[in-house]
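None of the values given here were measured: they were computed from a predicted structure. Just so it is clear: chains get the letters A, B, ... in the order the sequence lines come, proteins before strands, and each one is counted from 1.
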Amino acid sequence: MVYTGFMTIYWRDMIRFVRFKTLLISSLVQPALWMAFFGIAMSANFNRITAGIPPIPGVQGVGYLTFMAAGVIAMTTLFTSLFGGMSLLFDKNWGLMREVMASPLPRDNIIVGIALSGMTKSFIQATIIMTFGILLGAEFFAGFSPGKTVLSFLAILLFTGIFSLGFLFLSAAIAISLESPEGLQGIMTLLTMPIFFASNALYPVTAFPPVMQAISAVNPLTHLVSGIRYFAIGSDFQAIGIRYTTTPGELLLSLGVLVVFAAIMFALAWWRFQKAVVS
Amino acid sequence: MQKLGDDIIEVSDLVHRYGDFTAVDGISFAVRKGEIFSFLGPNGAGKSTAINVLITLLPLQQGTARVAGYDVAAEPARVRESIGIVFQEVTLDRDMTCWEILEFHGRLYNMPRKERSERIEELLRLVQLEAKRDTYTKHLSGGMKRRLEIARGLMTRPKVLFLDEPTIGLDPQTRIRMWEYIKAVNREGTTIFLTTHYMDEADQLSDRISIIDHGKIIATGKPWELKNLLGEDLIYMETSNNPAAMAHLREMEHVKEVGEKSRGLVVMVSQDGTHLLPLMMEALSREGIRITTVNLKKPSMDDVFVHFTGKEIRDEGSQSPAASLARARRR
């Protein structure tokens, strides 16, 4: 029989996810609100500013809402994943983790279980944003056949899943090394700013100064957003007056960056968990 | 009666330090299969540190320890599979039901589904929480929480159950009921290792006790053996001249030891004190020493503790309202 101890951790974390109604609802409504307020406000502005730019013939042009919907999915995944370790920290502070740490369950199973439940939450959120975004007018999967839509949707979940695992591992590593939730909050805020803004989530990176361009190029968020846009919009489109093309090679590179990032973060979390003393 | 190899916990020269502070300072002891063994000592004596090393939550720094036949340093996983633990603080998720708490634990220890569900029903019956199986633990009373934790500790049919201060913060009636549950569990064959700073708990519950203070074991024995070390009776007296009285009393027959306390003398006698007391009063009055108050009693665990550690237990208000309030708030 395959040992599936991580499913025990997953099961408990999901029980809590559905049981804390306010947390559940806010985590589902929050990304929709981003789309509704920030998305509509910004797209009204951007669409006005870029109205004078002539469309490139033969290239599909998309509105700002469509452009930024991919960024909102990525941002929501980033936040949810970075805070995924919080439950570990609460468990640790309230002594609940001692039961798990004193059990024969290998510690990597804790990491995997928490990461899988975080990934599940990200999948739910990504699906909500896509659905809500399309309702608001984002042109996701426009002109796709039903089969291609399903495949594209699954591919987006694949990118989102690997990205969320990376940040969940990082979050778990930080949480197990810290004493207080406030500390985690502080570190997360410090991390989210550069990751979110030094990326292509909300605007093109072509006009960035070189340092920020370099950060953006290694930023996992950039690669997630590229992947989502590739599958939701296409390999060649125009938005905010700029033409975006993504070759299959570039797409594979993005996937590769996410996989490597997740692998490194898993190693980091594994190391921190082996060293952790919870008593 | 005990054969060699009947020890389920064997510890020798265990030392554990936190930085410069030595919490456990070279303790050696053995727990026999089937007994209830207690560590009795004040808060901060090193009891919890020692227990955390035995349950493999803290690394073994120095010395050796074997639990259920496995070395805690070399085979921590085997140790973990063989033991059950009830931690000092409540470690129940407030938003899970009693059934979920036990189910989670069974899954953690990789118990097969059928065995899990049978065991859960059996244990809920044992700790009389059948009616609460679908109740969130935040709605349980302190005693019920403790019982649920004991049930959880027994989920995997452990060879040894570790109980760290099992009745801390519980009211007197609930404590007595907890003792009954613990005894019942022990009768079914589970060896029990517990730590406590309650004298009466150690006395009522244990087959054997180790008194521990400042990280060292000061005395080990059955409760009556420890009490007998102090003699048949203890006579407390205040006199008009304590130093002189002490000198005279020490010369008398059947007097094992005379100690000085803050407000008088304590005399340990090896024979029935009711007969000796009149003789003492006579002898002292011949010397012109007047006895102002006198009290005679059988040695209690408190006396044993004071005798071995030279102080009253530093009981951080076991029943003081402020302390129990603070505890309640933490839960």
Inspect the contact between [Y] and [X] and indicate whether a charged nitrogen and a carboxylate oxygen are less than 4.0 angstrom apart.
| X | Y | result |
| --- | --- | --- |
| B/Arg125 | B/Glu121 | no |
| A/Arg16 | A/Asp91 | yes |
| B/Glu100 | A/Arg19 | yes |

(message) Which residue in the set B/Val86, B/Thr190, B/Leu163 passes side-chain contact (heavy atoms from CB on, under 4.5 Å) when paired with B/Ile182?
(response) B/Leu163

(message) Do A/Gln125 and A/Thr77 pair up side chain to side chain, a donor and an acceptor below 3.5 Å, judged on atom types alone?
(response) no

[X], part contacting chain A, at a heavy-atom distance under 4.5 Å:
| X | value |
| --- | --- |
| B/Arg152 | side chain |
| B/Tyr136 | side chain |
| B/Leu92 | backbone |

(request) Pick whichever of B/Asp95, B/Thr49, B/Val79, B/Ile55 has the most heavy-atom pairs under 4.5 Å with chain A. (result)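 Of B/Asp95, B/Thr49, B/Val79, B/Ile55, B/Asp95 has the most heavy-atom pairs under 4.5 Å with chain A.
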
(message) Given heavy-atom pairs under 4.5 angstrom as the criterion, report whether the side chain, backbone, both or neither of A/Phe90 touches chain B.
(response) neither

